[in-house]
*Asks:* 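Before I ask anything, let me first share the structure, which is written out below as structure tokens.
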Protein chains: 2
Amino acid sequence: MSALAHLPDTKQFPIRHVAQVTGVLPVTLRAWERRYGLIKPERTPKGHRLYSEADIQTVHQIVRLIDQGISVGRVRQSLSGIGKEEDTVSDWPEFREQLLRSLYGLNAMQALAVLRRVGALYPLHALLGELIRPALLQLQHSEASGRWAFRSMLMQAIHLYMDQRTVGVEVNTRQQPILISRCLAAGDDLQARVFEAQAREAGLDLRWIGSAPSPLAFADLLQTSGAGGGLLWEDAEPVDDWAAQLQQLKHASPVPLAVAGDFSLRHVTRLQELAVPVLAQDATAALQMLRTWK
Amino acid sequence: MSALAHLPDTKQFPIRHVAQVTGVLPVTLRAWERRYGLIKPERTPKGHRLYSEADIQTVHQIVRLIDQGISVGRVRQSLSGIGKEEDTVSDWPEFREQLLRSLYGLNAMQALAVLRRVGALYPLHALLGELIRPALLQLQHSEASGRWAFRSMLMQAIHLYMDQRTVGVEVNTRQQPILISRCLAAGDDLQARVFEAQAREAGLDLRWIGSAPSPLAFADLLQTSGAGGGLLWEDAEPVDDWAAQLQQLKHASPVPLAVAGDFSLRHVTRLQELAVPVLAQDATAALQMLRTWK
DNA sequence: AATGTTTTGTATAAGTTCTGTACAGTTTTA
DNA sequence: TAAAACTGTACAGAACTTATACAAAACATT
């Protein structure tokens, strides 16, 4: 992720172009940068701004947030994917400590407060990777007798936070929604829900519809609901005949389909053989992929 | 609660936006805040009001109550209080229709909106009995191929609504919390969560801690957490040797314990034989019972 | 029924903050 | 050389703030 950030982007655009495609005047773009530091494009040796594709997406997000009614000065907090620079001073251990302390006190509301506080500062994937997953792991290896309760409360708080973050975000409803589900393996849907939240914040109309009873049921729903695509998110190791089931699903689906989740990463080659598209691991790339679908 | 109040929420809106979406003029919003303190938005360092989504929902609720004929000055009680006036004209079929339509459209946010709208007008037990349970039943008997997804979205919306309603309610923290769990039977925890919300709105510090792996684990947590009591909420038919497990739990528990849920109603006599207290079926009586515990 | 009091939405005023844009002067690009 | 971008300052109008004031509606009392 941060490795990507340092690489020169394939395409870079002058300010005029950004203004053109986003509808924000150049002078305003500069003001935003100066006053709120929302977008920090690279520069030519002589100082001219060079906006990357990601920068343009950020501007789009800002515009969307403004349309939603949030004032420019307050956009920063609501914008996911900012706050990469502050990583030098890592507060993560402190946050983890706060989160676990809340759980040990069986205080779900306090745990939620921690998630909110941290979630306002860091992008979702960081929240997942640096706070939530470590906390879950720590609970898993803990010797505390009540860890089942702590884990349960944490999951509860996470779901609530994700929902609160997801609900109320205005998404692009002109496009057909993409349904996201799971049906091959058991387990929680943490990562799927986090990705859903990320996608919705990026303006995509992604909808988690719960775990499907069978691949055919999922295909059926894709058919009848008029969805624009289907995403199968599997993390745990699925049933033995998953390949067959996946083929079945693929043939029955009337719309584009892709697999995602940890499972898909473990079986890339096999999935390639089956000619089932795999969602990019990187969130930005994955979103781009979904955007250009159909 | 007050600790939560000054934490940054993910999204914050200026007063103009609140006015626009609720139809209440900014000047009136300020008057309400000054005169009745119903909504206390955060402030920027310079003093501008910052409304959270929850605040906006509160305003919506207030507007709805005013439309119902309740004067602003008395809204405060009705906001968290249990509505008593029974409706002469029942809108429930209409509400059910709206809810199901939202689900068929796979629109979880719209479903949530329906719950909020109705929940602002009626007490929770009515919401459960007249809207949620009938809707679940209807889905269960529906022939629609995607009913699993509809049910899943409904459960999702319900949980979110309950959580949102539960979070931020000030409870009596001087008393020791009562833990509520489930461990004998499988199934969803819908009714337990609804009761939790009711109890919290009544000022009781009841905390749902998820389903326990075993009765002893629950007893253990009651011990270590310093809880003031334990509530075992079971709806589905439990394992065969539930009586023995319950006895075990009762003996291991260091604090008062009671059983609740549909299961407890089906086995009143047996539970009496075991000398295990059963929570009153009526919500008001049940709350009274918990209040005088210990 | 008539009268007084409280409630409640809106209006006004005077001052502050926010935010998009304009302008001036310089440098870079094509 | 003309067009476009850069920086920094400036400014106007919109939006917010508090505080006081006022009229209509609702409620209470004689």
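Naming convention: chains lettered A, B, ... in sequence-line order (proteins, then strands); numbering from 1 in each chain.
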*Asks:* Closest-nucleotide mapping onto DNA chain D: is A:Arg34 or A:Tyr51 further toward the 5' terminus? I mean the 5' end.
*Replies:* A:Tyr51
*Asks:* Under 3.5 Å, is there a donor-acceptor pair between the side chain of A:Arg291 and the main chain of A:Leu204?
*Replies:* no
*Asks:* Provide, to the nearest angstrom, the distance between the CZ atom belonging to A:Arg74 and the P atom belonging to D:dC16.
*Replies:* 13 Å
*Asks:* If you find the nucleotide of DNA chain D closest to B:His48 and the one closest to A:Pro14, which residue's nucleotide is nearer the 5' end?
*Replies:* A:Pro14
*Asks:* What do you reckon, is CD of B:Gln288 surrounded by more than 12 foreign heavy atoms closer than 6.0 Å?
*Replies:* yes
*Asks:* Tell me whether A:Asp67 contacts the main-chain N or O of A:Arg64 through its side chain, where contact means a donor paired with an acceptor under 3.5 Å.
*Replies:* no
*Asks:* A:Arg49 side chain N/O closer than 4.0 Å to the phosphate oxygens (OP1, OP2) of D:dA5?
*Replies:* no
*Asks:* OP1 or OP2 of C:dT7 less than 4.0 angstrom from a side-chain nitrogen or oxygen of B:Tyr36, does that happen here?
*Replies:* no
*Asks:* Taking 4.0 Å as the cut-off, does a side-chain nitrogen or oxygen of A:Trp32 come that near to OP1 or OP2 on C:dT19?
*Replies:* no
*Asks:* Under the 3.5 Å rule, do the base of C:dG20 and the side chain of A:Arg35 count as making a donor-acceptor pair?
*Replies:* yes
*Asks:* Salt-bridged, B:Arg193 to B:Asp163, with N to O below 4.0 Å?
*Replies:* yes
*Asks:* Considering the options A:Glu196, A:Arg133, A:His125, which one meets the side chain to side chain donor-acceptor pair (under 3.5 Å) requirement together with A:Gln191?
*Replies:* A:Arg133
*Asks:* Roughly how many Å is it from CG in B:Leu38 to P in C:dT8, rounded to a whole number?
*Replies:* 10 Å
*Asks:* Does B:Arg16 make a side-chain N or O approach to OP1 or OP2 of D:dC16 shorter than 4.0 Å?
*Replies:* yes
*Asks:* Take the protein atom CD of B:Glu42 and the nucleotide atom P of D:dT17, then report the distance between them rounded to whole Å.
*Replies:* 14 Å
*Asks:* Establish, with yes or no, whether the OP1 or OP2 oxygen of C:dC18 is under 4.0 angstrom from a side-chain nitrogen or oxygen of B:Lys46.
*Replies:* yes
*Asks:* Provide, to the nearest angstrom, the distance between the CG atom belonging to B:Leu25 and the C1' atom belonging to D:dA15.
*Replies:* 14 Å
*Asks:* Using a heavy-atom cut-off of 4.0 Å across all strands, would you classify A:Val72 as base, sugar-phosphate, or nothing?
*Replies:* sugar-phosphate
*Asks:* For A:Arg30 and C:dC23, give me the distance from atom CZ to atom P, rounded to whole Å.
*Replies:* 14 Å
*Asks:* Specify the separation, in whole Å, of atom NE2 of A:His17 and atom P of C:dA30.
*Replies:* 15 Å
*Asks:* Looking at the side chain of B:Ile15, which of C:dT21, D:dT17, D:dC6 is the nearest nucleotide?
*Replies:* D:dT17
*Asks:* Distance check needed: D:dC6 C1' versus A:Lys40 NZ, whole Å only.
*Replies:* 19 Å
*Asks:* Once you round it to whole Å, what is the distance between C1' of C:dT8 and CD1 of B:Ile70?
*Replies:* 16 Å
*Asks:* Could you check whether any side-chain N or O of A:Thr28 sits under 3.5 Å from a backbone N or O of A:Val24, counting only pairs where one atom can act as donor and the other as acceptor?
*Replies:* no
*Asks:* Do any side-chain nitrogens or oxygens of B:Thr28 fall under 4.0 Å of OP1 or OP2 in C:dT10?
*Replies:* yes
*Asks:* Counting just side-chain N and O atoms, does B:Ser71 come under 4.0 Å of either OP1 or OP2 of C:dT8?
*Replies:* yes
*Asks:* DNA chain C: A:Ala31 or A:Thr44, which has the more 5' nearest nucleotide?
*Replies:* A:Ala31
